[in-house]
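In what follows, a structure is listed as structure tokens, so that the remarks can point back to it.
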Amino acid sequence: MLANGISSSFVPSNLEMLRFAPELILSVAGTLLMVLDPFFGEGKKSPKIFGHISIVAFLLAIFGAVEANTVAGPAFSNLLIVDGFATYFRVLVLVIGVFAVLSSYLYLDREAADTCEYHALLLFSVAGQCLMVSSNDLIMIFIGLEISSIASYVLAGYLRNDRRNNESALKYFLLGSFATGFLLYGVSIVYGVTGTTKLDEIRTFLAAPGVPTGYVALAAALMIVGLGFKVSGAPFQVWAPDVYQGAPAPVSAFMATAPKAAAFAIFLRIFVTDFDKIGSSWEPLIWISALLSMTIGNFAALTQTNIKRMLAYSSIAHAGYLLVALAARSEIGTAAAMFYLAAYALMNIGAFAVVIHICGKGEKNVLISDLAGLGQKQPLTAGLLTVFVLSLIGVPLTGGFFGKFYIFRSALESHLVWLAILGLLNSAVAAYYYLRLLVVMYMHEPGEATESLEPLSPGLGLALALPAVGTFVLGVAPGAVLALATAGAALTK
Amino acid sequence: MQNLWLIPALPFIGFLINGILGRKLSKAVVSAIAVLSVVLSFGLVVSVGLSSGWGEHPIHQHYFTWIRSGGVDIGWDFMVDKLTMIMLMVVTGIGSLIHIYATGYMAHEEGYYRFFAYLNLFMFFMLNLVLGANYLLLFVGWEGVGLCSYLLIGFYFVKKSATTAGNKAFIVNRIGDFGFSLAMFLIFITFGSLDFGKVLSAAPGKPVEVLTAIALLMLLGATGKSAQIPLYVWLPDAMEGPTPVSALIHAATMVTAGVYMCSRSAAIFLKAPIAMETVAIVGLATAVFAATIGLTQYDIKKVFAYSTVSQLGYMFLGVGVGAFSAGIWHLMTHAFFKALLFMGAGSVIHACGGEQDMRKMGGLKKYTPWTCGVLACASLAIAGVPGTSGFFSKDAILTAAYGHAPWMFWVGVVTAGMTAFYVWRAFWMTFWGEYRGGDAGHSHDHGHAHTHGHDDHAHAHNHSHDHDHDHGHSHSHDDHGHDHHGTPHESPWSMLAPLVVLAFLSLAGGFLFNVPKFLESMFPLHEEVPNEEMLMGVSIFAGLIGIALSYFMYVANKELPGKIRKALGGIYTLVYNKYFVDEFYDATVVRPIIEGSTEVLWHGLDQGVIDGAVNGAGTGSRSIGGVLKHLQSGNIRSYATWVVVGAVILLITVGMNGGLIR
Amino acid sequence: MDPQVLMQTLGKGVPTSWYLALSAVLFTIGVAGFILRRNIITVFMCIELMLNAVNLSFIAFAHEHRQVSGHLFTFFVMVVAAAEAAVGLAIILTVFKNRSTLNIDEIDSLKN
Amino acid sequence: MDLFFFLLFAFIAVACAVSVVLQKHPISCALSLVGTMASLAVLYLLLGAEFIAMVQVIVYAGAIMVLFVFVIMLLNAGEESSKGRSWIAKIAGLPALAALLGILGYAMLTFYPMVGPKASLVHFGDFTGGGAKEIGTALFTEYLLPFEVTSILILIAILGAIVLARKEID
């Protein structure tokens with residue numbers, strides 16, 4: 001009955017279940033939280049137990065993902081594929097999940113928000129992303145994407161009495177669904193041309209001669225709309241600043257990293273492998289998108305006063321750098337994008353964690369000027385933020401530097417000379433607005449926001465210190481992560 | 001077997017200790033740690049030098065592989081050869097002296113530990129830059145010293161001008177670094193490696209165009225770091241930083257990194273004649289240009305800053321005409337006398353209670369004889385008086401320039417004359433005549449006050465403002481109880497001792513260290529130039545003329561400068577205002593970017609452009625940015641429209657490209 | 001093309017391309033509704049219209065390939081649409097509670 | 001016969017869709033959308049997708065649209081106001097839409113040959129693989145995973161609705 005499946009009956013084998021372990025663990029944990037809600041939900045307003053359970057679940061899932069990689073292979077009639085690429089991204093989004101939980105404790109407590117649903121949604125969202133990155137089928141990718149997105153829509157509007165939250169959720173939801181429509185249309189054309197939704201079968205089909213590539217290229221363009229939206233690449237980036245600004249800070253941190261990483265994973269998996277044959281037709285699109293993203297992101301960030309909004313623009317610019325790697329259409333480019341995503345995730349989470357730390361109840365202190373004097377009042381926090389800012393600038397010995405180094409190197413090896421030059425020029429401009437953070441932090445007298453700042457809470461401390469360590473490790477000894485990325489990139493072919 | 005890694009590691013340890021625990025440590029401990037780490041590092045360098053025959057037997061040490069992926073193999077490798085040896089000696093040697101000096105100079109500053117932590121961190125990156133055996137390590141050091149320079153320039157962070165200057169330095173350097181990183185990528189693509197050994201040995205076999213491109217991009221990097229035209233603008237402003245920083249970073253070490261890089265990459269440059277010519281011309285132009293500005297400045301540190309820019313131009317001239325060893329020689333002697341000049345200036349400023357305006361000094365030789373003496377040595381050296389260190393190196397460069405193109409020699413000689421003039425002008429204004437700082441009279445310079453009353457006023461105002469802060473910091477606990485209006489006083493011995501050492505080096509450094517001979521195995525000596533004695537005579541003469549003229553104008557006949565200023569009129573204003581280059585950059589680069597982004601992306605189109613255009617009020621510049629401006633109006637339907645427009649553009653592109661639409 | 005041949009062909013059945021063209025038309029109408037309408041609920045309905053258009057093309061393609069997998073994709077799109085509807089309407093409710101408006105143009109406080 | 005049904009329901013679908021965009025009152029829009037969905041169901045039937053046609057009517061037109069109508073009633077939404085504007089939608093909207101329609105329409109019309117021996121035609125009864133049995137078999141064998149995973153999706157939907165729409169307890 002089944003050509004590629006391991007199990008011939010519809011009951012999945014143990015091996016297949018193991019390959020599905022991370023998603024399984026997260027879903028079970030998410031459901032468990034909801035079951036436990038009545039027992040712990042009463043009494044205290046924002047019990048921390050749910051966060052603890054989530055962290056345990058994420059750690060178990062990381063373990064599961066690593067274990068699953070030891071028995072790499074397809075699962076569930078070839079709908080899932082566990083390989084180095086999938087495992088890399090699974091672990092990445094799971095690690096982001098851990099940091100998202102760590103950076104949420106204080107915030108939820110401060111806003112007196114319900115913790116159970118929040119953490120359940122976070123778990124489900126990450127489960128969707130894990131599913132996406134290990135899918136071998138457009139249907140699965142779509143469902144994974146929707147699980148991740150719908151959970152993020154809700155998270156963006158989690159504080160339902162906050163006007164900014166509402167608006168953020170509405171914008172994200174409406175525009176996200178709108179872009180998904182384009183993505184789906186592209187998928188349907190791919191299906192129309194190839195008669196299948198399985199990625200490996202599409203690859204085989206397109207490899208044969210005489211394929212009407214024009215239609216596949218059209219489908220690719222439509223899918224770029226949808227995926228470009230998810231990774232906030234120009235000209236589909238318009239939502240990002242508003243949504244990141246309006247959403248609760250920990251959610252912004254999460255949204256700027258995990259869904260983006262997952263969307264890039266499928267971007268890479270579909271475009272670099274399946275659509276490689278028609279690469280010459282979509283490469284210019286990515287080229288333009290990369291350039292626009294970098295330019296708009298960096299130049300718009302120059303004038304921002306709100307840190308979250310500035311980080312949103314910066315994340316658009318970083319999406320541009322990542323698109324440069326995609327435009328390189330090579331194994332090295334893929335590896336570079338994978339590495340950069342890890343570095344990007346760490347530095348972004350860290351930067352947002354600082355925002356969470358200083359923003360105060362109701363996020364009243366989110367202006368760059370609210371960082372004034374942080375260097376004097378809390379040198380440790382300021383020092384950690386400095387690490388992230390330096391990495392965002394791309395100063396050597398940080399992960400950000402190496403990520404950019406690899407990306408531009410891959411671009412040059414693919415003869416994208418102008419894109420590399422413009423990209424480097426862009427990253428030179430970017431230094432300006434990141435630097436403002438350091439100036440305000442170290443060279444201004446403490447303001448109201450920093451004067452009344454509480455000491456760093458343990459959860460946030462971890463969410464700051466661990467990414468900072470990671471940023472350094474990626475900068476000083478990138479070998480291990482790079483080896484994983486390279487191995488994963490090789491497997492996508 | 002010497003462990004090279006210890007050389008940068010020691011200052012790094014110093015940085016860690018002072019950076020983390022410094023707040024709790026006493027000043028004595030902080031300075032002991034900072035100074036000791038650098039002095040020990042210097043000791044290590046010496047022992048490495050002794051064991052390797054001063055670079056005769058190059059050492060190459062591989063510590064660990066940094067990156068290995070897809071054909072890239074970049075290790076954390078250090079190497080020492082003769083070129084490195086010179087740089088190491090200069091960096092750690094002068095660095096040690098400046099650290100000692102700083103313990104005295106910064107004694108009463110707030111954030112003492114922070115200052116030394118940054119200074120040690122700088123040493124770490126600088127030593128990395130020098131020791132690195134591949135371009136990536138060089139780049140790590142390169143970016144790192146830029147960062148430290150930023151931190152140190154902005155050290156007096158309460159002063160807004162200091163912060164701005166720090167920003168300016170960082171951003172201008174980023175432009176240079178952009179060039180360097182492109183060069184690095186190009187090297188990587190061309191040679192498949194970043195190791196000096198592999199790259200430089202393979203360079204002769206590569207196409208000239210590629211090598212020229214690499215060399216020119218490196219030059220762009222070097223113009224940023226070494227303050228050459230067109231990116232020199234940051235260095236004069238960088239004088240906002242504490243004086244030891246100016247001496248260490250902006251005179252002796254960091255700014256020479258560009259010269260080091262070009263010399264290190266000599267194999268590439270030698271195969272790219274166009275690039276060489278460009279280097280020479282940029283160097284020469286910078287030398288002249290900065291020297292003319294130096295003629296007119298009143299801020300003692302600014303004078304020396306422009307002089308640094310000018311002297312760096314000399315070094316590039318040397319490199320550009322192929323006399324790499326002469327360039328390096330001048331790098332070394334310049335490190336001696338310019339560090340001395342800055343530290344001497346610091347001593348003077350210290351003596352005058354934070355005053356930097358030379359018009360408010362004068363007659364200081366009475367109060368600060370030691371400072372006066374050492375500064376005289378340095379001024380003699382920079383003027384190229386025979387026998388001093390500056391004479392030898394400058395002469396080597398000028399002779400080589402003559403061999404390359406005689407006109408370069410003549411321009412260089414004129415510049416040498418100007419250099420001698422303005423340095424000695426500063427010297428006379430500071431040490432001769434009467435002390436002008438004590439009384440309330442605000443202008444001794446009548447001609448100037450009348451013709452340029454406005455400028456002058458603004459200038460003076462700035463200084464009194466700056467002074468308030470400096471003063472508050474540096475003299476609140478002064479041992480001698482002097483305040484600004486009291487009499488000047490000599491500096492403590494911790495500051496004077498390094499000065500004396502440097503004074504000796506400035507005078508004797510030239511014949512003690514014959515760099516071209518030392519480097520002969522790396523850079524063959526230049527061929528003999530005819531009439532070498534005559535050329536030498538001319539350059540000596542130019543220097544002496546400069547000194548004599550300054551004496552004549554500022555000691556013997558004090559009315560003359562005012563008259564000359566009057567006679568020059570507009571030209572003087574132009575030069576005095578540094579040719580308005582800052583204003584030019586501000587108007588053409590900085591403003592358009594900042595305001596452009598504000599205008600284009602900040603205001604929504606809904607409120608701005610369309611309404612304006614409808615009312616006929618839309619200006620040209622606004623409608624250009626009109627399309628972009630609408631991006632973030634906050635309106636969901638607008639956003640959706642952008643998505644659709646984007647989708648349509650993609651579809652059309654792909655349709656044309658993929659053959660769907662023909 | 002020759003009208004007579006076309007009529008002959010049409011006697012045997014409707015060209016699949018027409019179904020696909022219909023889906024393209026419906027999709028564009030959905031997009032048009034999204035960018036032209038102001039009521040948030042109507043805008044949301046236009047998204048549903050877009051999804052329906054995609055579904056139609058899936059079914060038409062499935063017919064062409066004589067496969068059931070296109071139907072399954074449609075099925076999953078419907079499930080997703082249902083889930084989206086629940087969440088989307090909930091979001092719209094919260095927005096309305098806080099702002100007492102359903103005009104999409106008035107939800108623009110986050111900008112620049 | 002095929003042609004007649006296709007043209008008829010295609011016309012209704014497009015007319016209702018246009019009506020969704022043109023009607024001022026959300027209720028009218030919702031009803032128009034139900035019309036489009038119903039006619040699409042008929043087209044699905046013509047294409048041999050019996051099961052999907054049923055689901056389209058029962059779930060889509062039935063359940064989902066009822067939810068919409070319920071919310072419209074709950075919020076007492078009246079005719080939409082014409083406050084606010086989006087210049088870009090006004091200026092770039094229509095050309096972009098025309099281009100979109102042109103490209104997609106052209107691509108779709110030329111996707112399969114319409115005439116000739118290789119013409120792809122839809123004739124009712126040609127394909128009968130879309131019945132409940134076939135779908136069910138596929139769902140519980142090959143597509144078991146997505147089927148199970150959609151339960152998470154629905155769980156999130158419920159969770160989301162609860163989080164966002166429930167009343168404050170305190």
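Chain letters run A, B, ... following the sequence lines, proteins first and then strands; every chain starts at 1.
Looking at A:Leu412 and B:Phe188, their side chains never come closer than 4.5 Å, going by heavy atoms from C-beta outward. Taking the side chain as every heavy atom from C-beta outward, B:Leu147 and A:Leu390 approach each other to under 4.5 Å. When side chains are defined from C-beta on, B:Leu182 does not count as touching A:Phe408, because their heavy atoms never get closer than 4.5 Å. In this structure, B:Val643 and A:Trp239 have side chains that are not in contact, with every pair of non-hydrogen atoms separated by 4.5 Å or more. For the pair A:Phe401 and B:Glu143, the minimum side-chain heavy-atom distance is 4.5 Å or more.
For B:Ile636, the parts sitting under 4.5 Å from any heavy atom of chain A are the backbone and the side chain alike. Only the side chain of A:Phe182 comes within contact range of chain B, with at least one heavy atom under 4.5 Å from a heavy atom of that chain. Within the 4.5 angstrom heavy-atom criterion, only side-chain atoms of A:Leu175, from C-beta onward, approach chain B. For a residue to count as touching a neighbouring chain, one of its non-hydrogen atoms must lie under 4.5 Å from one of that chain's; by this rule A:Pro212 does not touch chain B. Using a 4.5 Å cut-off between heavy atoms, A:Ser289 makes no contact with chain B at all. Neither the backbone nor the side chain of B:Trp142 comes within contact range of chain A; no heavy atom of the residue lies under 4.5 Å from a heavy atom of that chain. A:Leu174 touches chain B through its side chain: at least one heavy atom from C-beta onward sits under 4.5 Å away, while N, CA, C and O do not.
Dense packing is recorded around NE2 of B:His62, with more than 12 heavy atoms of other residues, nucleotides or ligands lying under 6.0 Å away.
Atom CG of B:Asn635 and atom CG of A:Asp242 lie 10.0 Å apart (nearest 0.5 Å). Within the model, atoms CG of B:Leu651 and CG of A:Leu218 stand 5.5 Å from one another, a figure rounded to the nearest 0.5 Å. Between A:Lys171 atom NZ and B:Tyr639 atom OH the span is 4.5 Å, to the nearest 0.5 Å. Rounding to the nearest 0.5 Å gives a distance of 13.5 Å between CE of A:Met223 and CG of B:Leu650. Rounding to the nearest 0.5 Å gives a distance of 11.5 Å between CG of A:Leu285 and CD1 of B:Ile652. From A:Asn426, atom CG reaches atom CZ of B:Phe178 across 9.5 Å, with rounding to the nearest 0.5 Å.
Between chain B and the residues A:Ile288, A:Leu170, A:Val417, A:Val476, the most heavy-atom pairs under 4.5 angstrom are made by A:Val476.
For the pair A:Pro235 and B:Gly646, the tightest heavy-atom approach, listed with the atom from each and the gap, is CG-CA, 3.6 Å. Taking all atoms of both residues into account, the shortest heavy-atom contact from A:Ala217 to B:Val654 is O-CG2, 3.5 Å.
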List the steps and the verdict of side-chain contact (heavy atoms from CB on, under 4.5 Å) for A:Phe402 and B:Leu136. CA-CA 11 Å; A:Phe402 265 108; B:Leu136 196 64; 4.0 Å; yes
Evaluate A:Phe236 against B:Trp642 for side-chain contact (heavy atoms from CB on, under 4.5 Å), listing each step before the verdict. CA-CA 7 Å; A:Phe236 314 109; B:Trp642 281 117; over 6 Å; no
Derivation and outcome, side-chain contact (heavy atoms from CB on, under 4.5 Å), residues B:Thr653 and A:Trp282: CA-CA 9 Å; B:Thr653 320; A:Trp282 58 259; over 6 Å; no
